[in-house]
Amino acid sequence: MRLVTWNVNSLGARMPRVFELLEQLDPDVVCLQETKVTPGAFPHMEFAMAGYAAVEHSAGRWNGVALLVREDLEVDRVVRGLEGEPDVAEARWIEARVGGVQVVSTYVVNGRTPDHPMFAAKLDFFAAARDRARTLVAGGPTVIAGDLNVTRDDRDVWDPRAFVGATHVTPEERAHFEAILAVGLADAWRVVEPDAVGFTWWDYRAGAFHKNLGMRLDYALVSRHLGVRHVLVERSFRKNNQVGDKPSDHAPLVVDLERHERH
DNA sequence: ATGTCACGCTGGGCGTGA
């Protein structure tokens, strides 16, 4: 199974690039975040024409998550929202079982600054995600993918010194990340690339992409039922394409999974 | 690093969030 996770920073603005990705990478499943789709306005028909079914959790101007599933795969057990999350109306979590694999697309609360009320909400979201992850992993093969808005460790940020007093690097956020892994999930990128820099996000400003001032914020967390064969950050999608379609500030993470049951 | 992008509201800039 080929799974892609991508924060598109508005699906409406990124449709040409999403179709480009479907054509180039032929994924089985795409986990989308920050779709920013008005409820009722998701472009289901356009994806059907491209051979993909979509399930979505949409909240309008902000956030929004979705799953695109190639039409030959069965989709069932769709769940929108995360039990115990601070505000389900923010549309930050969607699940479905895809070809027998439980797949989540999530967009974790940014947190703004460590002293902001949204930072406490971020930690609460992580805790709810950990509880749900535990249930999912006990239920079978599971992938939790998305923009987790945290760097796992200092290798995942271009310069830790630039982040003193900021979010995405704090011990609290990182402890919550490890607690999710501890229910029985592996960080797919690190399974294959124990040392490589794997940035997935670069600020639009200040030529950050060109200077590789990035962070690894996008993850696929996979249960032990699934082997990881290959991982790739598709950096071409962080650049303009040949006809000038603009990029998201995130690049897609591509993960090739192999099922092999272990006990 | 603070040089951008996208949205909604509006009727061409501003406020918001990242």
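Reminder, nothing fancy here: chain letters follow the sequence lines and each chain counts from 1.
- Each of A:Pro247 and A:Gly207 was matched to the nucleotide of DNA chain B holding its nearest heavy atom; the match closer to the 5' end belongs to A:Gly207.
- Rounded to an integer number of Å, the gap from A:Asp245 CG to B:dC5 P is 14 Å.
- When the P atom of B:dT16 is taken as reference, atom CG of A:Asn110 falls 16 Å away, rounded to whole Å.
- What separates NZ of A:Lys122 from P of B:dG17 is a distance of 16 Å, to the nearest Å.
- Within the structure, every side-chain polar atom (N or O) of A:Ser248 is placed at least 4.0 Å from both OP1 and OP2 of B:dA6.
- For the pair A:Lys246 NZ and B:dT4 P, the computed distance is 11 Å after rounding to whole Å.
- Rounding to whole angstrom units, CG of residue A:Asp203 and P of B:dT2 are separated by 11 Å.
- Within the nucleic acid shown, A:Tyr107 comes within 4.0 Å of sugar-phosphate atoms alone, with no base atom in reach, counting heavy atoms only.
- Within 4.0 Å of A:Arg161, counting heavy atoms only, lies no atom of the nucleic acid at all.
- Straight-line distance from the CD atom of A:Gln33 to the P atom of B:dA6: 17 Å, rounded to whole Å.
- Rounded to whole Å, the separation between the P atoms of B:dT16 and B:dT2 comes to 23 Å.
- Counting only N and O atoms by type, the side chains of A:Glu34 and A:Asn9 include no donor and acceptor under 3.5 Å apart.
- The aromatic rings of A:Phe163 and A:Trp158 sit perpendicular to each other, their planes meeting at more than 60°, with 30° as the lower class boundary.
- With A:Arg216 as the partner, the salt bridge (charged side-chain N to carboxylate O under 4.0 Å, His left out) test is satisfied by one option alone out of A:Asp147, A:Asp153, A:Asp156: A:Asp156.
- When the nucleotides B:dG3, B:dA18, B:dC5 are ranked by their closest atom to the side chain of A:Arg92, B:dA18 comes out on top.
- Taking every side-chain heavy atom of A:Trp158 into account, B:dA1 is the closest of B:dA6, B:dG8, B:dA1.
- Among the protein residues, A:Thr167 comes within range of no part of the nucleic acid, since none of its heavy atoms lies under 4.0 Å from any strand.
- At B:dG17, one or more side-chain N or O atoms of A:Arg112 fall inside 4.0 Å of OP1 or OP2 (strictly under the cut-off).
- Annotation: B:dA1 and B:dA18 have their P atoms spaced 22 Å apart (nearest Å).
- Atom NE2 of A:His116 is separated from atom P of B:dT16 by 12 Å (rounded to the nearest Å).
- With DNA chain B read from its 5' end, the first of the two nearest nucleotides for A:Asn63 and A:Gly12 is the one closest to A:Gly12.
- The distance between atom CZ of A:Arg17 and atom C1' of B:dC5, rounded to the nearest whole Å, is 14 Å.
- Electrostatic pairing of A:Asp28 and A:Arg2 does not count as a salt bridge here, judged by no charged N lying under 4.0 Å from a carboxylate O.
- Closest approach to the A:Thr38 side chain among B:dT16, B:dG8, B:dC7 is made by B:dG8 (side chain taken as heavy atoms from C-beta onward).
- Taking the charged nitrogens against the carboxylate oxygens, A:Arg152 and A:Glu178 do have a contact shorter than 4.0 Å, which makes a salt bridge.
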